[in-house]
Amino acid sequence: MNFVEELRWRGLLHDMIPGTEELLSKEKVAAYIGFDPTAESLHIGSMVQIILLMHLQRHGHTPIALVGGATGMIGDPSFKSEERKMLSEESLQKNVAGIEGQLRKFIDFDKGAELVNNYDWFKDFSMLGFLREVGKHISVNYMMAKDSVKKRLETGISFTEFSYQLIQGYDFYWLWKNKNAKLQLGGSDQWGNIVTGTELIRRIAGGEAFALTVPLVTKADGSKFGKTEQGNVWLDAKLTIPYQFYQFWLNTSDEDAEKYIKIFTFLDQATIEALIEEHRVNPAARNLQKRLGQEITVLVHGEEEYQAAIAATAILFGSGTREQLEAMSENTLLQVFESVPRFSVDLNLLKAGVNILDLLAVNTQVFESKGDARKMIQQNALSINKEKYADAAGMLTESALIAQKYMLIQKGKKNYYLINFS
RNA sequence: GGGGAGAUAGCCAAGUGGCCAACGGCAACAGACUGUAAAUCUGUCCUCUUCGGAGUUCGAAGGUUCGAAUCCUUCUCUCCCCA
């Protein structure tokens, strides 16, 4: 099975320039994807792009990962309804460094693969030079006709953002010329920018280049993929702890799980089909979600963190009781809850007896305010140490402690917090 | 340049002097049911609260009034028609 066939059955193929498949089947190709340094870490939306490069490498082609140190200074207007805020150069540098570090975890840059930053070839490119060498080849009419900027032509777009596709187009030209990159990959929203690049390559050098895009990952219920109540799901363990990361995948709907297991894992077709079949017979077991969570958590955070995440899951969502919590050693307890958000509170506060509302809304931020806490408690949404707690006027003392120093707070069914008294 | 319509909470949207912290819908959060799912039902949903209330809202600033989302003045912005 070749690269394109692989993408096709996995549902990772959206569009290609004619000839792309032939090119990939007859030679080993260097192909690139750009990553925007909009944050210090990539999130699971970018995971699709990373996996694409990994597939590419597995099929013997050469991946080039580009971090947009230059393009990040401009801001991609594609399908955005508003002008973007410019990032400071300082945070941009931090973001570039963060993203480069993450990419190294997934792609083996020793085997001919490259990690580049377009700032390197733009930093000494003069404005006049750019206008004469690049701008002259592409007409404004051509640039305005793109779907990706159409909306913005009505509501307003700065010259800076409008020039974005030209900058990205030049990246492609530069990599084509200097790194022999004949193909650019990207999300379907990048089609317009990529094609500006192939056009530029043809007009400047009479060369031929290709494009391949992957579909946007969607959810069956129409809401945005990759978001939870807590916000984005990041690849950085400090921003989204592995337990929450695993939980995100475990919570995917049946319909989405069938789609995601093909996109986000490297399991072969027979294995995946068997898993889907099994899941359809017994959806309640959620083996599909569990396997999906396992594969991608191991890929992103490693086996150890995955084990910790399922251990925590088993305790938190299994038939855990206060007795079981009490029976755990402090070490086990800490390991299990390593990945649960935690707060530290002075033990003396508890010794003196503390009001439940104060503890959860003032001394810690489990709830936003005392009013919020009271309402939640009245709605029966609070558990302490796996036991429902319904008294909004209640006082807590040392008797509520586990292992003499911990208290496990549960807001609703899924939100856990550990308070550490010392 | 002339004429008209409009701006209400995260979004859509009702409200034209007191009964308005503002109908309804969506989204969100919680409860029940379940599989940590979907669908359904129930509750919450400006902020704080000792749950009695208190404070700040209806594009902005002034004004009228005992009382203004609602009336008047000026300003800002959006849309439509004509030129």
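Note that these values count all heavy atoms, side chains included, but never hydrogens, waters or copies made by symmetry. Letters A, B, ... are given to chains in the order of the sequence lines, protein chains preceding strands, and every chain is numbered from 1. The structure displayed is predicted, hence computed values, not measured ones.
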Please work out if Asn380(A) contacts a base, only the sugar-phosphate, or nothing of the nucleic acid, heavy-atom cut-off 4.0 Å. sugar-phosphate

Touch class at under 4.0 angstrom, heavy-atom based, for Thr252(A) against every strand present: nothing

Under 3.5 Å on both distances, the Watson-Crick or G-U partner of rA38(B): none

What's the gap between rG15(B) and rU57(B) when it is taken at their C1' atoms, as a whole Å value? 15 Å

Among Asn363(A), Leu401(A), Leu360(A), Leu408(A), which one satisfies side chain to side chain contact (heavy atoms under 4.5 Å, CB included) with Ile419(A)? Leu360(A)

Would you say Asn385(A)'s side chain and Glu387(A)'s backbone share a donor-acceptor pair under 3.5 angstrom? no

State the pairing partner of rC20(B); accept Watson-Crick or G-U wobble contacts with both distances under 3.5 Å, and report none otherwise. none

Are OP1 or OP2 of rA30(B) and a side-chain N or O of Asn415(A) less than 4.0 angstrom apart? yes

At what distance, to the nearest 0.5 angstrom, does CZ of Arg58(A) lie from CD of Glu6(A)? 8.5 Å

With rounding to the closest Å, how many angstrom separate the P atoms on rA39(B) and rG24(B)? 22 Å

What is the separation between atom CG on Asn355(A) and atom C1' on rC51(B), rounded to the nearest whole Å? 13 Å

Taking only the P atom of each, what is the distance from rC80(B) to rC71(B) in whole angstrom? 25 Å

Whole Å only: how far is the CD atom of Gln244(A) from the P atom of rU36(B)? 19 Å

Are any side-chain N or O atoms of Gln269(A) and backbone N or O atoms of Trp9(A), one a donor and one an acceptor, separated by less than 3.5 Å? no

Specify the separation, in whole Å, of atom CD of Gln410(A) and atom C1' of rG31(B). 13 Å

Counting only Watson-Crick or G-U wobble pairs whose two distances fall under 3.5 Å, which nucleotide matches rG52(B)? none

Counting only Watson-Crick pairs (N1-N3 plus N6-O4 or O6-N4) and G-U wobbles (N1-O2, O6-N3), all under 3.5 Å, who is the partner of rG62(B)? rC72(B)

How far, in whole Å, is rU8(B) from rA83(B) if one measures between their C1' atoms? 34 Å

Do the side chains of Ile356(A) and Ile384(A) get nearer than 4.5 Å, heavy atoms only? yes

I need the CD-P distance between Glu258(A) and rA38(B), as an integer number of Å. 16 Å

Going by the glycosidic torsion and a 90 degree boundary from 0, is the base of rG52(B) oriented syn or anti? syn

Asp372(A) side chain vs Phe367(A) backbone, donor-acceptor pair below 3.5 Å: no

Determine the interatomic distance between C1' on rA5(B) and the same-named atom on rG53(B); round to the nearest Å. 42 Å

Gap between atoms CG and C1', on Asp256(A) and rA38(B) respectively (whole Å): 11 Å

Could you state the atom-to-atom distance from NZ of Lys414(A) to C1' of rU34(B) in whole Å? 12 Å

Determine the Euclidean distance between corresponding P atoms of rU70(B) and rG18(B); express it in Å to zero decimal places. 11 Å

How many Å lie between CD on Glu255(A) and P on rA38(B), as a whole number? 12 Å

Can you tell which of rG31(B), rG35(B), rU34(B) lies closest to the side chain of Pro283(A)? rG35(B)

On the side chain of Lys413(A), is there an atom forming a donor-acceptor pair with the base of rU34(B) - under 3.5 Å, no angle test? yes

Between rG67(B) and rG63(B), how far apart are the C1' atoms? Round to whole Å, please. 15 Å

Counting only heavy atoms and a strict 4.0 angstrom limit, can you tell me which residues of residues 360-379 of chain A come near RNA chain B? Ser369(A), Lys370(A), Gly371(A), Arg374(A), Lys375(A), Met376(A), Gln379(A)

Test item: Arg10(A) side-chain N/O and Lys262(A) main-chain N/O as donor-acceptor pair under 3.5 Å: yes

Whole-angstrom distance between rA68(B) and rC58(B), as gauged at atom P: 12 Å

Contacts of Gln247(A) and Lys388(A) projected onto RNA chain B by closest heavy atom; the upstream (5') one is Lys388(A)

Quick one: Asp254(A) CG to rU36(B) P, roughly how many Å, whole number? 12 Å

For the side chain of Gln102(A) and the backbone of Leu42(A), is there at least one donor-acceptor N/O pair under 3.5 Å apart? yes

May I ask you to test the Phe3(A)-Val29(A) pair for a side-chain heavy-atom distance under 4.5 Å? no

Does rG43(B) pair with anything, Watson-Crick or G-U wobble, both distances under 3.5 Å, and if so, with which nucleotide? rC29(B)

